[in-house]
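Here the structure is laid out as structure tokens; the discussion comes afterwards.
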2 protein chains.
Amino acid sequence: MRIDVPFAAGLLRDRDNIEILCHQSPDGDTIGCGFALCRVLQQMGKQAFITVDDVIPVCFDYLHPAVEKQSFEPQFIVAVDVATIDMLGSAEHIAKYRGRIDLCIDHHASNTDYAKYTLIETEPEAAAAAETLLQVFYAMGAPVDALTADCIYTGIATDTGCFRYTNTTSRTLRIAADLLDRGARFELINKRNFDTRTKTYSALEALALATLNTYFDGKCAMLDITQEMYRLSGSDESEAHPLKALPRQVEGALVGVTIKEEKNGTFRASVRTNTPVDACNICKRFGGGGHKRASGCDLPGATIEEARKNILESIRLELNQYDGISLSQ
Amino acid sequence: MRIDVPFAAGLLRDRDNIEILCHQSPDGDTIGCGFALCRVLQQMGKQAFITVDDVIPVCFDYLHPAVEKQSFEPQFIVAVDVATIDMLGSAEHIAKYRGRIDLCIDHHASNTDYAKYTLIETEPEAAAAAETLLQVFYAMGAPVDALTADCIYTGIATDTGCFRYTNTTSRTLRIAADLLDRGARFELINKRNFDTRTKTYSALEALALATLNTYFDGKCAMLDITQEMYRLSGSDESEAHPLKALPRQVEGALVGVTIKEEKNGTFRASVRTNTPVDACNICKRFGGGGHKRASGCDLPGATIEEARKNILESIRLELNQYDGISLSQ
């Protein structure tokens with residue numbers, strides 16, 4: 001059932017012993033929302049903990065002091081920034097929560113309504129789930145202190161590329177201004193998320209950039225990230241996130257794709273687009289989804305070449321939708 | 001004479017036939033301010049034109065429709081985002097304007113008060129001269145339409161690395177929100193300034209990154225940009241700006257330096273620092289200046305190695321000011 005902000009605020013005010021679920025391959029929005037909600041509930045005297053079926057990237061270390069470790073039998077389960085139940089993690093983990101999630105707070109148009117109650121503001125309403133969660137805090141009359149502001153700022157800044165992407169709105173910027181006034185450590189957060197190049201990341205970037213290739217007269221740019229690259233660079237998957245932004249930056253590219261080889265040998269595409277191309281359409285053909293300008297999907301294919309062939313075909317179909325975009329190959 | 005916002009607004013309201021000066025190696029703030037002020041004055045029925053003693057980088061092409069070409073004998077001369085008269089351009093150009101500049105609107109603490117009237121908001125008050133100029137427009141009761149919003153947004157976004165740098169304040173973000181509401185084409189502007197990698201820029205970056213080196217136990221990272229690199233990559237100086245952000249991003253670096261070889265064979269340093277190191281102090285020793293976290297100076301030295309030795313000595317002196325920063329070499 002779709003609900004609004006005051007309804008979600010009422011639910012959270014009334015319940016206790018709350019478990020908060022983040023999605024796998026956690027990004028700043030799911031982690032920021034998870035920590036913010038957990039902190040606010042704990043500050044209201046409730047019991048709350050966060051469950052992530054994955055490693056939390058070290059770049060979010062600064063959020064850990066925001067919450068206390070608590071252990072109890074959950075009576076109310078909330079998923080944050082989780083579009084589908086499949087995004088929760090392993091098959092066992094998904095099975096454990098299927099049909100048991102009470103509330104979902106999200107901003108993905110592709111949300112499948114797997115929770116009992118779902119609060120969604122999609123683009124252009126909300127650039128990040130953290131924007132919507134903050135509205136819920138305000139409606140709850142909850143405290144939003146400096147550490148909570150850190151969490152919400154992390155969600156909004158990471159999902160907007162630090163206010164660079166087209167999902168940024170004037171509301172996004174005004175919320176960020178309020179968070180700065182509440183003491184969000186934006187200097188630290190921006191430095192950690194946008195302005196630090198570790199040696200291992202730099203080595204990974206160099207390897208990945210060497211695979212950069214363009215298709216359809218330069219309208220699509222693509223790069224590969226393989227398990228071998230993690231080994232050679234001494235990096236791991238949690239460092240790969242910033243690479244996803246690079247292919248779309250290539251001059252003339254309307255579609256930027258990163259194909260990531262997963263640990264189990266399957267392939268996953270991350271698709272970023274420029275106006276007017278719809279990234280979600282490209283990924284939907286493989287059961288994936290996300291946002292208009294940033295989506296993802298698992299790709300069929302036993303080799304990276306097969307996976308590439310599949311996503312290129314979907315991109316061709318999508319580019320053909322637009323007048324004035326002619327594909328010579 | 002230092003003046004305040006209402007005084008500057010009064011001057012601009014009263015005068016006509018106004019020439020606007022931008023600094024050489026023009027960046028988004030000086031160009032954004034120049035075009036914004038020219039547009040607003042022209043919309044108020046005044047005569048105005050912009051003078052830049054340099055090439056305006058193509059990434060600012062979208063601003064050109066904001067102003068009409070006008071030709072007249074100037075009666076009032078305004079410099080925008082120009083800290084010292086030496087930043088205006090060639091020696092002949094500087095000689096032409098020395099002692100003739102009526103008003104300067106700027107945000108550099110190192111401003112030398114070369115103009116008759118000077119309006120300055122320095123950091124942390126203003127991240128960009130464009131922030132202050134917008135306050136002047138409001139005080140003038142001037143129209144701020146979508147094209148003027150484009151100009152002001154350009155100045156603020158480029159001087160804050162799209163709201164990433166520590167000079168960003170909650171006022172900066174609220175102003176940006178207002179500019180979006182006024183119709184600033186932030187999607188286009190961000191794409192052009194922060195999200196486009198031309199082939200020539202990519203080639204220049206690869207050449208420059210190959211020179212990246214660290215000093216003082218990694219506390220300083222430095223890269224070189226030479227005339228030879230422009231030739232090899234097919235790029236030119238106007239594309240070099242984004243490279244200046246890279247050395248400071250190296251993990252552990254407190255100081256990031258770019259040494260640029262100029263056309264005439266001299267060397268110029270761009271210095272970016274992380275808290276607490278003062279970039280302006282490092283550059284002041286060579287007669288340069290700017291901001292606490294971003295400054296520049298010409299370097300003495302007949303070769304790039306001599307220039308490097310000089311800036312490294314100044315960095316050593318600066319780093320020695322801070323407790324807890326020990327330099328083993």
Side-chain angles (χ1 to χ4, degrees), chain A residues 124 153 156-157 160-202 205-206 209-210 212 214 218 221 242 245-253 256 272 274-275 293, chain B residues 149 153 156-157 160-202 205-206 209-210 212 214 218 221 242 245-253 256 272 274-275 293:
Chain A
Y153 183 90
I156 294 175
T160 58
C162 211
F163 315 106
R164 233 174 31 174
Y165 300 154
T166 57
N167 58 351
T168 306
T169 67
S170 58
R171 183 180 85 163
T172 312
L173 292 163
R174 286 196 184 94
I175 286 174
D178 291 344
L179 296 171
L180 261 57
D181 287 341
R182 287 174 189 274
R185 291 171 293 170
F186 77 104
E187 178 174 353
L188 164 78
I189 299 169
N190 292 351
K191 177 80 194 152
R192 294 296 289 275
N193 285 288
F194 309 110
D195 228 3
T196 301
R197 295 173 75 89
T198 61
K199 278 178 193 135
T200 50
Y201 171 77
S202 291
E205 187 187 86
L209 276 178
L212 186 69
T214 59
L246 297 186
R248 185 179 55 182
Q249 291 176 354
V250 172
E251 195 176 26
R272 305 274 178 99
N274 287 321
T275 306
R293 303 280 170 258
Chain B
Y153 183 91
I156 294 175
T160 58
C162 211
F163 314 106
R164 233 173 31 173
Y165 300 155
T166 57
N167 58 351
T168 306
T169 66
S170 58
R171 183 180 86 163
T172 312
L173 292 163
R174 285 198 183 93
I175 286 174
D178 291 344
L179 296 171
L180 261 57
D181 287 340
R182 287 173 189 273
R185 291 171 294 171
F186 76 104
E187 177 175 352
L188 164 77
I189 299 169
N190 292 351
K191 177 80 193 153
R192 294 296 289 275
N193 285 287
F194 309 111
D195 230 2
T196 300
R197 294 172 75 88
T198 60
K199 279 178 192 135
T200 50
Y201 171 76
S202 292
E205 186 186 86
L209 276 178
L212 187 68
T214 59
L246 297 185
R248 185 179 56 181
Q249 291 177 354
V250 173
E251 195 176 25
R272 305 275 178 99
N274 287 320
T275 306
R293 304 279 171 257

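Only heavy atoms go into these numbers, but all of them, side chains included; no hydrogens, no water, no symmetry mates. Lettering of chains follows the sequences in order, A, B, ..., and the numbering in each one begins at 1.
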- Toward chain B, the part of A:Lys191 with a non-hydrogen atom under 4.5 Å: side chain
- Item | Which atoms of A:Asp178 approach chain B - backbone, side chain, both or neither, heavy atom under 4.5 Å |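 Interface part for A:Asp178: both.
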Any [X] side-chain heavy atom under 4.5 Å of [Y] side chain:
| X | Y | result |
| --- | --- | --- |
| A:Leu173 | B:Arg174 | no |
| B:Arg248 | A:Asp195 | yes |
| B:Asn190 | A:Tyr165 | no |

Between [X] and [Y], what is the shortest heavy-atom contact and its length?
| X | Y | answer |
| --- | --- | --- |
| B:Gln249 | A:Phe194 | NE2-O, 4.2 Å |
| A:Asp181 | B:Ser170 | OD1-OG, 2.6 Å |
| A:Leu180 | B:Thr168 | CD2-O, 4.2 Å |
| A:Phe163 | B:Tyr153 | O-OH, 4.3 Å |

- Option that, when pairs with chain B are counted at under 4.5 Å, heavy atom only, ranks first among A:Leu209, A:Thr198, A:Leu246, A:Ile175: A:Thr198
- Message: Checking A:Glu187 against B:Thr275: is there a side-chain donor and acceptor pair closer than 3.5 Å?
- Response: yes
- Value rounded to 0.5 Å, distance of CD in B:Glu251 from NZ in A:Lys199: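 Rounded to the nearest 0.5 Å, the CD-NZ separation comes to 7.5 Å.
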